[in-house]
*Asks:* 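Before we start, here is the structure in question, set down as structure tokens.
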Amino acid sequence: MAEPLPVTRFNPWPTTIFTILSALAVLFLLPTLGVLLSSIKTTREISMGELWSLPASLFLGNFAEVLGNPAVHRYFLNTLLVTLPATAVSITLGALAGYVFAKLPFRGSNALFLGIVAGMFFPPQVILVPLFRLFNGLGLIDTLWPVIIVHSALGLPICVLMMRNFFATVPNALREAAIMEGANEWQVLTRVVLPLSLPALAVLATLQFTWIWNDFLWPLIFTQSDNKRTIMIGIVNLKGQYSVAWGVQGALSLVASLPTLLVFLFFQRFFIKGMTMGAVKG
Amino acid sequence: MEQHNRFWRIALLGLPLGLFGLFVVWPLFSSFYYSFTDWNGFDTNYSFVGFDNFAKIATDRLFLQAAINTTIWMAAAIILPTTLGLMLALLLDSRVAGARVFKSIFYLPICLSAVIVGQIWTWIYQPDWGLLNTIISQITGEKFKYAWLAKPDTALWSVIVAWSWQQTGLAMVIYLAGLTAIPGDLLEVCEIEGASPWQRFRRVVLPLLAPSTVVVVALSVINSLKGFDILYIMTGGGPFNSSDTLAMHMYNESFKKYLMGYGSAISVVLFLIALAIIGLYFRQLRKVDRIYG
């Protein structure tokens with residue numbers, strides 16, 4: 001066997017490509033860098049037009065202000081109280097439905113599956129008014145419940161899609177063997193199939209966590225009082241209080257993005273996989 | 001055995017279907033119902049107004065403006081991130097040093113909230129010390145002060161650029177996944193046969209990427225139809241509705257003016273547009289499957 005020749009695909013000049021990519025990368029990073037820079041500068045520095053230069057000294061007052069603000073604590077807690085249960089519920093229910101679609105199909109189950117998956121594609125505005133009326137009637141407006149419930153339900157399309165596709169790759173023989181041994185479907189799902197599906201669960205956990213954490217529309221519709229708001233709404237609310245305190249706003253944005261940034265840094269592989277899988281199979 | 005399977009199907013599907021039916025499917029259908037009423041969001045009483053809301057849509061100047069803006073927004077959302085994403089994917093696919101780092105950089109904006117992206121870009125367009133005006137001032141040598149987001153001529157396009165910045169990474173990873181499926185020997189053969197890089201791209205790579213393109217375009221269209229958060233943050237649809245989209249218009253009519261019946265009618269129109277696009281998408285997907293599957 002000869003050594004495989006190095007594959008040159010399009011450009012025989014790797015240096016040129018590297019330079020172009022580096023320039024684009026800088027351009028892409030600039031916006032984020034601006035927030036980072038603003039968060040460590042004083043308001044005076046920024047309003048004098050110094051936002052985009054490197055700071056002379058590290059100023060941590062903005063972070064102190066943000067982290068010491070009790071409203072920010074409240075927003076964070078509310079966001080966690082929405083994101084964690086909604087992520088867990090949508091994945092759990094997605095696994096239950098995905099198992100039926102993959103291992104116990106019935107007449108019309110494919111149509112039902114596609115119907116649920118299609119839910120991923122519709123603008124949420126389509127169900128805004130009826131949901132507002134429903135939760136208003138139930139007396140749940142201005143609580144976190146409607147946000148949790150709606151995110152759990154709207155997460156189902158992607159969760160069902162991914163769990164079903166993953167379960168489909170688990171050999172049927174495994175299930176049959178377990179049934180022969182006297183296991184029921186619940187035991188097959190929880191003891192045999194789910195332990196093999198950890199990658200799919202990781203993908204969904206990262207996707208759902210990020211989407212729900214970042215969401216703006218549903219808490220905007222369903223909550224009203226300040227102590228029920230989530231962090232993304234909170235940022236907008238605090239704009240008044242910190243109207244020209246650009247540095248505080250920058251620090252706030254960073255703190256608010258920290259959970260999703262951490263998820264992104266540590267689970268990037270899952271995240272990208274999920275985005276492409278969901279997109280390509282959808 | 002069949003009896004046994006039926007029990008488990010019902011037991012396992014019950015909760016997910018119940019949740020989905022109650023909070024997604026049922027509201028979808030009641031949207032149609034409310035679109036024929038004049039409900040104001042609070043009163044328990046409302047009356048049926050027939051097709052009045054839809055007649056109003058036909059004469060609503062703001063709806064027309066929003067529809068035009070949504071079309072521009074969608075066209076730009078297809079062209080900009082798709083082209084840029086494809087370009088980045090091709091560059092990264094050439095086994096360049098540090099590809100992993102580059103990939104992360106281009107992909108990073110996807111994990112940021114639309115609220116944060118909106119805020120970042122509001123700063124870039126800030127008239128006094130924003131990055132854009134700072135750069136223009138540096139180049140021209142005179143103080144440049146243009147309020148990009150406050151002028152009807154530039155508001156929509158300024159948001160589109162911010163949006164494209166966030167969406168490009170998604171197009172890039174989908175194209176990268178598509179590129180890995182193209183066999184390297186195929187391109188080598190083309191090269192040996194004397195095909196120029198452009199010919200190889202135009203005649204071999206691009207056609208083979210058709211399935212990825214279908215996915216990227218469909219996602220762009222669907223995501224742009226949902227376009228709301230970033231506009232809400234950056235312009236609120238203004239100035240003078242110059243950056244209003246249908247999703248934005250629906251929100252304003254329903255939750256600012258409390259015309260929930262009329263808002264429902266707009267949402268029905270949105271639903272029908274989405275339905276048409278999804279139909280086209282699935283047909284196209286099947287066609288691509290038949291050719292390349």
*Asks:* Where does B:F106 contact chain A at under 4.5 Å (heavy atoms): side chain, backbone, both or neither?
*Replies:* both
*Asks:* What part of B:S30 gets closer than 4.5 Å to chain A, counting heavy atoms only: side chain, backbone, both or neither?
*Replies:* both
*Asks:* Nearest 0.5 Å, what's the CG-CG distance between A:L21 and B:L91?
*Replies:* 4.5 Å
*Asks:* Heavy-atom pairs under 4.5 Å with chain A: which of B:V216, B:I116, B:L88 has the most?
*Replies:* B:I116
*Asks:* Can you tell me how the ring of B:F23 sits relative to the ring of A:F135, calling it parallel under 30°, perpendicular over 60° and tilted otherwise?
*Replies:* parallel
*Asks:* To the nearest 0.5 angstrom, please state how far the CZ atom of B:F228 sits from the CG atom of A:L220.
*Replies:* 5.5 Å
*Asks:* CH2/A:W213 to OG/B:S113 distance, rounded to the nearest 0.5 angstrom?
*Replies:* 11.0 Å
*Asks:* Between B:Y232 and chain A, which part of the residue has a heavy atom less than 4.5 Å away: side chain, backbone, both or neither?
*Replies:* side chain
*Asks:* To the nearest 0.5 Å, what is the distance between CD1 on B:I120 and CD on A:Q249?
*Replies:* 12.5 Å
*Asks:* For A:L29 and B:I105, which heavy atoms make the closest approach, and how far apart are they?
*Replies:* CG-CG2, 3.6 Å
*Asks:* Is the distance between the ring centroids of A:W186 and B:W8 under 6.0 Å?
*Replies:* no
*Asks:* Quick check: under 4.5 Å, non-hydrogen atoms only, which of residues 267-278 of chain B neighbour chain A?
*Replies:* B:S267, B:L270, B:F271, B:A274, B:L275, B:I278
*Asks:* Non-hydrogen atoms of chain A under 4.5 Å away: do they reach the side chain of B:V96, the backbone, both or neither?
*Replies:* side chain
*Asks:* Quick one: CG on A:L30 to CD1 on B:I124, what's the gap to the nearest 0.5 Å?
*Replies:* 7.5 Å
*Asks:* Which atom pair, heavy atoms only, marks the closest approach of A:T260 to B:C111?
*Replies:* OG1-O, 3.5 Å
*Asks:* Among residues 258-266 of chain B, which residues come closer than 4.5 Å to chain A, judged by heavy atom distances?
*Replies:* B:M260, B:S264
*Asks:* So A:F216 and B:I233, side-chain contact (heavy atoms from CB on, under 4.5 Å) or not? Walk me through it.
*Replies:* CA-CA 10 Å; A:F216 179 73; B:I233 300 297; 4.0 Å; yes
*Asks:* Looking at every heavy atom in both B:F20 and A:G119, which two are closest together, and how far apart are they?
*Replies:* CZ-CA, 4.4 Å
*Asks:* Could you tell me which non-hydrogen atom of A:G250 sits nearest to which non-hydrogen atom of B:Q119, and how far apart they are?
*Replies:* N-NE2, 4.2 Å
*Asks:* Taking all atoms of both residues into account, what is the closest heavy-atom pair of B:R9 and A:P105, and its distance?
*Replies:* NH2-O, 3.1 Å
*Asks:* Answer yes or no: does atom OH of B:Y46 have more than 12 heavy-atom neighbours from other residues, nucleotides or ligands under 6.0 Å?
*Replies:* yes
*Asks:* For the CD1 atom of A:I116 and the CG atom of B:L13, what is their distance to the nearest 0.5 Å?
*Replies:* 7.0 Å
*Asks:* If every non-hydrogen atom of B:V24 is compared with every non-hydrogen atom of A:I127, which pair is closest and at what distance?
*Replies:* O-CG2, 3.6 Å
*Asks:* Quick one: what part of B:S212 sits under 4.5 Å from any heavy atom of chain A, side chain, backbone, both or neither?
*Replies:* neither
*Asks:* Assign the ring pair A:F264 / B:Y107 to parallel, tilted or perpendicular, where the plane angle (0 to 90°) is split at 30° and 60°.
*Replies:* parallel
